[in-house]
Amino acid sequence: MRALTNPNLKGGSHPGFVQCVRFTPDGGKIVSVGGAPKFKGYVAVWDATDGKLLSGAEVPFGTVYA
């Protein structure tokens, strides 16, 4: 078990609530999705081995649930 911390955000992993977390089929990455301010969504990809953020981006179409 580990906390996933986004170095681009102050004290968290997402700018809003996390709605879903899944491993990729190969088990090498973790994908988390949720909301962001101003009716945007957020998608993040993490390295499953060390928990480091590989990519994170706001999306313009609202909260991502799954």
Side-chain angles (χ1 to χ4, degrees):
M1 180 182 271
R2 79 171 65 234
L4 301 174
T5 304
N6 185 335
N8 303 319
L9 299 174
K10 191 174 186 176
S13 59
H14 278 243
F17 290 109
V18 176
Q19 297 293 335
C20 187
V21 178
R22 295 281 190 256
F23 282 92
T24 56
D26 66 1
K29 295 179 183 67
I30 301 168
V31 179
S32 58
V33 298
K38 299 183 182 180
F39 306 106
K40 294 181 180 179
Y42 194 79
V43 178
V45 180
W46 312 83
D47 185 303
T49 305
D50 60 13
K52 289 187 180 178
L53 180 68
L54 300 175
S55 178
E58 287 187 0
V59 292
F61 46 78
T63 299
V64 182
Y65 292 99

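Please read all numbers here as calculations on a predicted model, not as lab measurements. We're numbering straight along the sequence, starting at 1.
Note that CZ of Phe17 is 11.0 Å distant from OH of Tyr65, once rounded to the nearest 0.5 Å. Annotation: the span from Asn6 atom CG to Tyr42 atom OH amounts to 4.0 Å, rounded to 0.5 Å.
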Before giving the answer on side chain to side chain contact (heavy atoms under 4.5 Å, CB included), spell out for Leu4 and Val21 the whole-Å C-alpha distance, their side-chain angles and the decisive distance to 0.1 Å. CA-CA 11 Å; Leu4 301 174; Val21 178; 5.6 Å; no
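Of all the heavy atoms in Pro15 and Pro37, the pair that sits closest is CB-CD, 3.8 Å. For the residue pair Leu53 and Ala44, the shortest heavy atom distance occurs at CD1-CB, 3.9 Å. Nearest heavy atom pair, residue His14 against residue Gly34, reads CE1-N, 4.0 Å. Contact between Lys29 and Val45 at its shortest, heavy atoms only, is CD-CG1, 3.8 Å. Ser32 and Trp46 get closest at one heavy-atom pair: OG-NE1, 2.8 Å.
Side-chain atoms of Val18 and Ser13, non-hydrogen and from C-beta on, do get closer than 4.5 Å to each other.
Judged by distance alone, the side chain of Arg2 and the main-chain N or O of Ala48 form no donor-acceptor pair under 3.5 Å.
Hydrophobic clustering places Val43 together with Phe61 (ILVMFWY residues linked when any side-chain heavy atoms are closer than 4.5 Å, directly or through intermediates).
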